[in-house]
Amino acid sequence: MHILDDLNDAQLQVVTTTEGPLLVLAGAGSGKTRSVIARTAYLIEEKHITPWNLLVVTFTNKAARELKDRLSASLNLNVRSLWIGTFHSICTRILRKESEALPYTSNFSIYDDGDQKAVINRIYKDRSIDTKKFPPNKIRNIISRSKNSLIRPEDFFQFNDSNFYSDMVEDIYQRYQSHLLKNNAMDFDDLLMNTAFLLHDNPSRLQHYQQQFRYVMIDEYQDTNYAQFRIINLIAREHQNLCVVGDDDQAIYSWRGADIKNILNFEQDYKNVKTIKLEQNYRSPKVILNLANSLIKNNSQRHSKELWSALKSDEKPLLVRTDNENGEAKFVAKEIKALQRKGADLNQCVVLYRTNAQSRVFENAFTRQNLRYQIIGGVNFYQRKEIKDILAYLRVLINPQDNESFLRIINEPGRGIGKVSQERLIKFAGDANLSLREALFAVDQVSVGTSAFAKMQNFGRQMQKWIELSNEASVFECVSQLVEDLGVIRKFEASDDPQDIARAENLKEFIAAVDEFSESFVEDHEEEPTLQDYLQTVSLQTDLDNYDTESSSIKLMTMHNVKGLEFDHVFIVGLEDGLLPHNRSLELDSALEEERRLLYVGITRTRKTLQLCYAASRRIYNNVTMTMPSRFIRELDEECYERINNSFYEFQAPGGKKTKPPVTMESEKHFHIGQRIRHVTFGDGMILNVDGKGNKAKLTISFDSGELKRIIGSYVSLI
DNA sequence: TTAAGTATGCTTTTT
DNA sequence: GCATACTTAA
């Protein structure tokens with residue numbers, strides 16, 4: 001049968017061992033994804049299991065999407081009935097369905113980081129808590145970890161001693177949680193925690209899902225946390241048909257509560273576990289795998305396994321030293337240019353770094369070299385202010401209780417309802433026990449004053465219109481009408497600030513994305529999506545999920561984000577002590593081991609060539625710091641790589657001529673028509689018109705890319 | 001009430 | 001080196 005074609009013995013076993021607990025230790029590049037797809041297909045085709053009886057949990061939405069696409073293509077089945085998704089999306093689906101058993105209603109909002117911070121800030125203000133003594137981020141972290149360990153506010157002191165500090169944490173946690181409940185909102189961690197408690201506390205609901213999910217498969221099991229472990233443990237307890245796939249050498253999410261013991265102890269957690277190891281790597285050449293092995297063998301906590309490859313390669317990985325981060329970026333740009341000349345697709349080149357902040361110099365270098373690139377991660381598209389504002393409007397439309405979102409939009413764009421008036425409305429709402437949206441319609445002149453009242457009436461009328469729109473019109477119509485009514489695109493386009501121009505572009509892209517979403521939703525589900533369907537998808541979406549595999553551009557991302565992907569040409573940069581391993585991981589051995597695994601993940605993405613880079617100095621914050629090469633470099637087998645010293649690279653033009661780096665004094669900036677200039681994102685161009693003087697001049701520029709932009713002098717440099 | 005100007009703190013990593 | 005949060009002037 002075609003599903004089983006081209007599988008090796010171990011993979012075949014994974015596919016056909018359908019009954020009972022199964023642990024698959026799948027090394028990097030060992031055909032894990034193929035096996036999971038084949039196994040799912042096998043269960044449906046050969047074992048005649050209804051798709052509805054399967055539960056497949058992936059690590060990213062993108063992986064879920066791919067799995068669905070491949071299955072629906074090869075098996076011709078209805079994707080709607082498949083329960084394939086991330087823990088978060090599957091939990092959301094369950095929670096919306098089971099809202100009757102919960103204190104939330106099914107239209108609950110999902111709060112991200114920013115919303116969390118806003119709620120915490122409000123609590124700090126209300127209670128005048130000292131942010132120095134109780135750093136909000138630390139508290140947020142404790143709350144998150146508690147939730148991932150299924151410790152509710154009321155359970156807090158069962159696991160923590162009572163003292164000055166923890167008393168405060170408990171108090172904030174308590175308030176935070178009731179604040180969210182009042183807003184009918186859950187944060188990411190709630191999605192998991194509430195699902196775990198729902199199943200635990202409701203035998204009939206548990207039984208329902210136990211019966212439904214007769215076969216359960218979990219990918220990237222090494223990165224599951226306790227809440228996730230419990231959810232699966234409860235569901236699979238009855239039938240025991242649980243297959244977990246993972247690689248302890250690729251566990252990189254302990255800081256998010258993931259517990260590597262979940263995979264290390266699987267054989268103790270379940271009875272009669274069958275274990276299969278996938279040790280043949282089909283991705284990387286021998287020499288790269290040997291390099292990776294020489295690194296990872298320095299870790300103490302791991303399942304023993306030996307990953308091997310039959311692929312040969314003449315090219316050894318390179319270890320490259322440069323003077324500083326700019327030299328590093330230039331070197332990578334030059335190398336990629338060379339690869340491009342040899343016919344390589346930019347799409348198959350990836351730059352991997354430890355922290356998102358490292359991407360900037362590469363952006364500059366690639367722009368100068370006219371290389372297309374795409375950054376994955378960092379600031380998520382949906383986290384940008386202009387987009388989040390629109391999303392907040394949508395949330396208020398479907399969840400009237402969502403005060404957090406309401407406060408975000410009440411004066412955005414400005415409608416003259418300032419802080420004072422907002423406080424009055426909040427007071428009014430509190431006294432009348434209404435949500436802010438309800439209060440907007442009920443408020444009277446006496447409570448907020450004449451002028452604010454008129455403005456609120458106005459806003460209320462608009463709001464009423466949008467509410468009706470959201471009930472009647474399609475998601476696309478609703479969103480585009482809303483954006484039109486707010487007039488934000490026009491506002492941004494009229495601005496001189498290039499950032500505002502970018503915002504207008506983002507909003508247009510956003511509306512196009514809504515359209516795209518609706519189309520593919522109709523394809524999958526044979527019905528129009530609701531606004532709620534849309535918001536749910538968007539809140540759980542990451543940058544990785546909508547990254548463009550088609551467009552020919554270099555990809556830049558963190559080593560965390562690259563998990564599960566592969567590229568022909570891999571550049572790992574910033575291999576310095578303090579960056580990789582990161583400063584904050586130097587103390588603890590277990591943290592250090594995780595950093596090592598992170599590098600291991602990076603190396604094992606390689607299909608053809610690998611280059612490891614470090615810089616002798618690096619600008620951190622605002623000053624230049626001397627760096628030490630990463631301690632991990634010493635662990636690499638010297639037989640497996642070649643060293644290159646690329647010092648002074650940046651002063652050396654391709655022909656060997658010495659050139660001076662261009663220096664422009666700010667005071668020298670006198671712009672004139674016809675002058676050549678350079679812009680960080682748009683590249684080089686020529687000035688067509690000058691309005692004003694020096695840095696404040698408004699320039700009309702024709703860029704070499706063909707784009708015509710109006711830009712302020714301070715954003716461009718002379719060349 | 002808002003806009004412009006100033007201070008600060010931030011950097012691991014993400015669903 | 002940037003974005004956000006806060007302060008000040010109009």
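In this text the structure is predicted, and so the values were computed from the model without any measurement.
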Inset, instruction - Please work out which of the three classes, parallel, tilted or perpendicular, describes the rings of Phe188(A) and His88(A), given edges at 30° and 60°. - result: perpendicular

Nearest-nucleotide check on DNA chain B, Arg415(A) vs Thr60(A); residue mapping nearer the 5' end is Arg415(A)

Closest of dT13(B), dT1(B), dT15(B) to the Val420(A) side chain is dT1(B)

Kindly say if Thr558(A) contacts the phosphate of dT14(B), meaning a side-chain N or O under 4.0 Å from OP1 or OP2.
yes

Between OH of Tyr600(A) and P of dT13(B) the distance, given in whole Å, is 24 Å

From CZ of Arg619(A) across to C1' of dC2(C) the rounded distance in Å is 14 Å

Problem - Test: Asp223(A) and Arg256(A) ion pair at under 4.0 Å - result: no

When rounded to whole Å, the CD to P distance for the pair Glu220(A) and dT14(B) reads 15 Å

Quote, to the nearest angstrom, the P distance that separates dT13(B) from dT4(C).
16 Å

Please determine if a side-chain N or O atom of Asn356(A) lies less than 4.0 Å away from the OP1 or OP2 oxygen of dT14(B).
yes

When rounded to whole Å, the CG to C1' distance for the pair Asn225(A) and dT14(B) reads 12 Å

Is the phosphate of dT15(B) approached by Asn148(A) (side-chain N or O, under 4.0 Å from OP1 or OP2)? no

Review point. Across the strands shown, which category fits Asn137(A) at heavy-atom distances under 4.0 angstrom: base, sugar-phosphate, nothing?
Key: sugar-phosphate

Between CZ of Arg384(A) and C1' of dC2(C) the distance, given in whole Å, is 15 Å

Residue-phosphate contact under 4.0 Å: Asn411(A) side-chain N/O, dT1(B) OP1/OP2: no

When rounded to whole Å, the CD to C1' distance for the pair Glu576(A) and dT11(B) reads 15 Å

Review point. How is Ser421(A) classified with respect to the nucleic acid when contacts are heavy atoms under 4.0 Å: base, sugar-phosphate, or nothing?
Key: sugar-phosphate

| task | Mind running side-chain hydrogen bond (donor to acceptor under 3.5 Å, both in side chains) on Arg145(A) and Asn148(A) for me, showing each step along the way? | result | CA-CA 5 Å; Arg145(A) 277 178 171 263; Asn148(A) 284 327; over 6 Å; no

- request: Answer yes or no: does a side-chain N or O of Asn561(A) lie under 4.0 Å from OP1 or OP2 of dT14(B)?
  value: yes

In whole angstroms, the gap separating P of dA5(C) from NZ of Lys125(A) amounts to 9 Å

Parallel, tilted or perpendicular: which describes the rings of Phe366(A) and Tyr373(A), with under 30° parallel and over 60° perpendicular? tilted

Open item on the list: With the criterion set at under 5.5 Å between ring centres and under 30 degrees between planes, would dT13(B) be stacked on Tyr253(A)?
Closed with: no

Rounded to whole Å, the OH-P distance (Tyr226(A) to dT15(B)) equals 25 Å

Given Arg360(A) and Glu363(A), is the salt bridge (charged side-chain N to carboxylate O under 4.0 Å, His left out) satisfied, shown in steps? CA-CA 5 Å; Arg360(A) 175 156 282 111; Glu363(A) 289 189 72; 5.2 Å; no

